[in-house]
2 protein chains.
Amino acid sequence: MNLPPLIQAFVLHFGEMGSRWGINRTVGQVYAVIFLANRPVCADDLVDAVGVARSNVAMALKELQSWELIRLKHVPGERRDYYGTLDDIWAIVRKLVEQRKRREIDPTLTVLRELLMQSPASEEERFAQERMQEMHGVIELLTGWYDDIERLETERLVQLLSLGSKIVKALEWKDKLFVAKGGRGKPKAPGDGTAERP
Amino acid sequence: MNLPPLIQAFVLHFGEMGSRWGINRTVGQVYAVIFLANRPVCADDLVDAVGVARSNVAMALKELQSWELIRLKHVPGERRDYYGTLDDIWAIVRKLVEQRKRREIDPTLTVLRELLMQSPASEEERFAQERMQEMHGVIELLTGWYDDIERLETERLVQLLSLGSKIVKALEWKDKLFVAKGGRGKPKAPGDGTAERP
DNA sequence: CTGTTACTTCAGAAAATTCTGAAAATCCAG
DNA sequence: CTGGATTTTCAGAATTTTCTGAAGTAACAG
């Protein structure tokens, strides 16, 4: 590995975090190098920078492309493939959330829907299904919120995030009005996951 | 493994998802069994339910306790340790988010802060530090929002989530007022991660 | 064509993680 | 104390994941 100290420290950290983030060390390090680079980066640069086999770099690049976190960027007059991250940091955040939702949440939502269709064959199963219903309810609420928010322009999104819970003031002022109009979804419908456990 | 079909399907799914969620199969399955159970569950029940070695169940329970996702629940007149999940599904969601933030984000925030203290020794490092600054900015904004929101009562939280992007209407109405008062943070300050990449 | 450069694939090696069974420690009842 | 029930620990086995080097494929310049 052959990088300036500041960059190397960041790259090593991304490598260590990789396993917690559901990617492996090489993928983490490769992404870090591309993220910090002020120009597109090719496979040879990466072999040099992270010090692993070329084939391993190829795998990491494939993985990062499957996440849509890096993009091919052709450099004029170069035969090799160069890669860069998404341009804007918010585009990166959006993509990360989108992909993790797709990989970590959507499959469970599908399974829950299937299992909630079936009829319980015992009291044990009936109770279990109730719990699944609760889980389904919160996931629907959270992903529904995400689907809604994700469409906002970045400027609006940043505005919203900056407000934090101050937004609740608005809710308090407009409480009855909003509730009367009905928000997205039916938060008080039975079995929507908002009920307390007995 | 010895469970009713509906429950077994859910438990197997949790096992498969385990690796994507950063826990292992046994931990996933053990949690699923406890989550669906109608009553506190002991180690023997789990050995029976998921069909792995007792020591493996003990490890899984320790792991789940370190996540604070399960709790010891003493059953009167029983010597063995019984476990249950947090009572309310929203408490579970909150705990999950809290723990994943702690494990997946906080360490990076610490490293970023350290590296941003240092002086870049080259143009390459200067640019890299700019990127780290962008990353630091978005993480601060997102975690700041989380710290704020996380304190809301569940009822308010559900209300907020149900509204989704309808809340932006409120922003639009009150736009200048809120901005004048100043939201949490300084979304337009330079180097806060909201700038576009050149 | 032919030789060079670059990317991809893949079988097996290496490393990391998970799992087990046995032994040790703990806890309580009598 | 003593004995049984229960939990914890841990070394090594089993499994899974990651990584490498070599071979294969593709693209292109001359």
Which residues pass the ring pair (Phe, Tyr, Trp, His ring centres under 6.0 Å) test with B:F10, not counting sequence neighbours?
B:F14
My understanding is that only residues two or more places apart in sequence, or in another chain, count here; which of them pass salt bridge (charged side-chain N to carboxylate O under 4.0 Å, His left out) with A:E153?
none
How would you list, by chain and number, every residue that makes a salt bridge (charged side-chain N to carboxylate O under 4.0 Å, His left out) with B:E98, sequence neighbours excluded?
B:K95
In 5'-to-3' order, the base (B), backbone-only (S) or no-contact (-) status of each nucleotide in nucleotides 6-24 of chain C, using a 4.0 angstrom heavy-atom cut-off, is SB-BB-------SSBB---
Taking five pairs at each end, how big is the angle between the two axes of the helix from C:dC1-D:dG30 to C:dG30-D:dC1, to 10°?
20°
Could you tell me which residues satisfy side chain to side chain contact (heavy atoms under 4.5 Å, CB included) with B:R94, sequence neighbours excluded, listed by chain and number?
B:T154, B:L157
With B:R79 via salt bridge (charged side-chain N to carboxylate O under 4.0 Å, His left out) - residues at least two apart
none
Given a cutoff of under 4.5 Å between side-chain heavy atoms of I, L, V, M, F, W and Y, with clusters grown through shared members, what are the other residues clustered with A:Y82?
A:V75
Residue pairs meeting side-chain hydrogen bond (donor to acceptor under 3.5 Å, both in side chains), one or both in residues 53-62 of chain B, sequence neighbours left out, come to B:T26-B:N56, B:D44-B:R54
